[in-house]
Number of protein chains: 2
Amino acid sequence: MSLKHAILVMLETEPGSGYDLMRHFRQRLGYFWNAKHQQVYQQLKQLAIDGYIEYTLEAQADKPDKKVYSITPAGVEELRQWIAAPVAPNKINDPLLVKLYGGHLSDRDNLLAELERHIDTHRRRLQELEAIEQTLLSFDKAEQEAMKYPYITLRRGILGERAWLDWAAEAQQIINK
Amino acid sequence: MSLKHAILVMLETEPGSGYDLMRHFRQRLGYFWNAKHQQVYQQLKQLAIDGYIEYTLEAQADKPDKKVYSITPAGVEELRQWIAAPVAPNKINDPLLVKLYGGHLSDRDNLLAELERHIDTHRRRLQELEAIEQTLLSFDKAEQEAMKYPYITLRRGILGERAWLDWAAEAQQIINK
DNA sequence: TATGAATATGCAAATTGTTGCATATTAAAT
DNA sequence: ATTTAATATGCAACAATTTGCATATTCATA
């Protein structure tokens with residue numbers, strides 16, 4: 001289970017609320033981590049019980065109150081150890097490919113429409129990631145050095161999305177052929 | 001839940017046992033579907049109860065007996081409907097990227113060693129997929145046409161692995177820099 | 001002035017997936 | 001002769017994830 005560590009690694013960068021973390025997952029880290037808000041709030045609760053994080057309540061003038069979590073030294077140590085240990089390669093379960101594998105049971109137009117919907121999503125995603133990259137590249141040397149590791153993961157997102165789109169174009173051609 | 005449909009789509013191509021399906025997942029479809037044997041056997045049981053598949057017991061001279069499952073008309077219909085309905089884009093949770101995101105908490109050698117391990121896995125995977133592709137390309141026109149949709153998913157595997165390796169090479173450079 | 005979107009958090013139930021344990025046969029290797 | 005690998009299936013407990021429900025505020029829009 002690494003939702004726990006995904007949360008810790010984000011809080012290690014910067015304290016934040018469950019809602020902040022969710023925004024991060026949705027808007028920035030979606031290409032490598034996804035979770036529902038219920039799961040995030042549950043984990044935050046548990047991580048606080050385990051002493052890996054702690055929180056302060058913050059009243060806000062214009063918005064509902066929020067719990068701002070930050071990582072504890074015990075949390076940093078836990079994270080450090082997890083990062084040092086080997087991890088199994090990422091498990092992939094992709095329903096779209098299951099569908100395409102059985103494409104002969106559907107009709108061409110349906111498959112192409114479905115593919116088109118997915119292409120839209122991935123195109124938007126790629127644009128977002130490239131925009132983030134442009135921002136990072138506008139930073140000065142010191143800031144870029146500080147963002148080195150997140151940048152590596154961002155590149156994975158970008159190369160991954162481009163490869164996905166290249167494949168989708170191939171897939172369209174084969175289906176139409 | 002699409003493990004159910006991943007199993008149905010395989011049985012629609014060809015009847016097989018739980019063990020056969022597992023071999024498929026491990027050796028051929030690992031780039032788009034993964035499952036443990038316990039889960040596969042459970043699902044097979046449930047799918048049989050639901051009437052989507054049925055089985056015959058086959059005694060084998062040299063090996064333990066096996067249950068050979070095949071899809072029923074109800075199963076094909078269920079699969080057809082599932083394929084026709086839109087599906088949400090694939091959810092990605094990649095622990096390796098979580099690790100790299102927090103790379104500043106580890107040391108360079110550890111990160112590079114970890115990356116090397118993953119590169120080995122992906123390289124092997126790519127070679128296997130390219131070998132399968134060569135086999136498919138040696139088939140005659142009619143057979144290739146019949147394998148059109150599985151071939152599209154195979155291409156996803158190949159392009160995906162190549163992109164992964166390209167990224168890994170970039171990552172090594174950035175870490176070493 | 002209602003309606004929806006964004007912010008903010010959470011419980012409970014159900015489903016899905018993993019881990020640990022268990023068994024039995026045959027072929028090949030040591 | 002014994003061990004290991006491959007074949008073949010399964011239960012039970014536990015962990016992780018999803019779905020459904022629930023609440024409350026503020027801002028912008030219709």
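Residue numbering restarts at 1 for every chain, and letters A, B, ... go by the order of the sequence lines.
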(request) Please report the C-alpha distance between A:Gln39 and A:Gln43 in whole Å, then the side-chain angles of each, then the deciding distance to 0.1 Å, and finally whether the side chain to side chain donor-acceptor pair (under 3.5 Å) criterion is met. (result) CA-CA 6 Å; A:Gln39 216 188 334; A:Gln43 270 304 313; over 6 Å; no

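Between B:Ile7 atom CD1 and C:dT16 atom P the separation is 12 Å, expressed in whole Å. Counting to the nearest Å, the P atom of D:dT17 and the CE atom of A:Met1 are 7 Å from each other. As rounded to whole Å, 13 Å separates atom P of D:dT18 from atom CD of A:Gln43. Going from atom CG of A:Leu44 over to atom P of D:dA16 covers 15 Å, rounded to whole Å.
Side-chain atoms of B:Gln172 and B:Glu116 form a donor-acceptor pair, as typed in the model, at a separation below 3.5 Å.
Rounded to 10 degrees, the angle separating the terminal helix axes of the helix from C:dT1-D:dA30 to C:dT30-D:dA1, each built from five base pairs, is 30°.
Within the 4.0 angstrom heavy-atom criterion, only backbone atoms of the sugar-phosphate kind lie near A:Lys91; the bases stay farther away.
Using a 4.0 Å cut-off between charged side-chain N and carboxylate O, A:Glu170 and B:Arg156 make no salt bridge.
Taking A:His122 as the reference, A:Glu161 meet the side-chain hydrogen bond (donor to acceptor under 3.5 Å, both in side chains) condition, with sequence neighbours excluded. With sequence neighbours excluded, the residues satisfying salt bridge (charged side-chain N to carboxylate O under 4.0 Å, His left out) with B:Arg117 are B:Glu114. With sequence neighbours left out, the side-chain contact (heavy atoms from CB on, under 4.5 Å) criterion links B:Glu54 to B:Ser70, B:Thr72. Take B:Arg162 and apply the salt bridge (charged side-chain N to carboxylate O under 4.0 Å, His left out) test, not counting sequence neighbours, and it matches B:Glu130.
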(message) Return a single string for nucleotides 6-12 of chain D, one symbol per nucleotide in 5' to 3' order, where B is base contact, S is sugar-phosphate-only contact and - is none, cutoff 4.0 angstrom on heavy atoms.
(response) SBBBBB-

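Using bins of under 30°, 30° to 60° and over 60° for the plane-to-plane angle, the ring pair A:Tyr55/A:Tyr69 lands in the tilted bin.
For C:dT16, neither phosphate oxygen OP1 nor OP2 lies less than 4.0 angstrom from any side-chain nitrogen or oxygen of B:Gln39.
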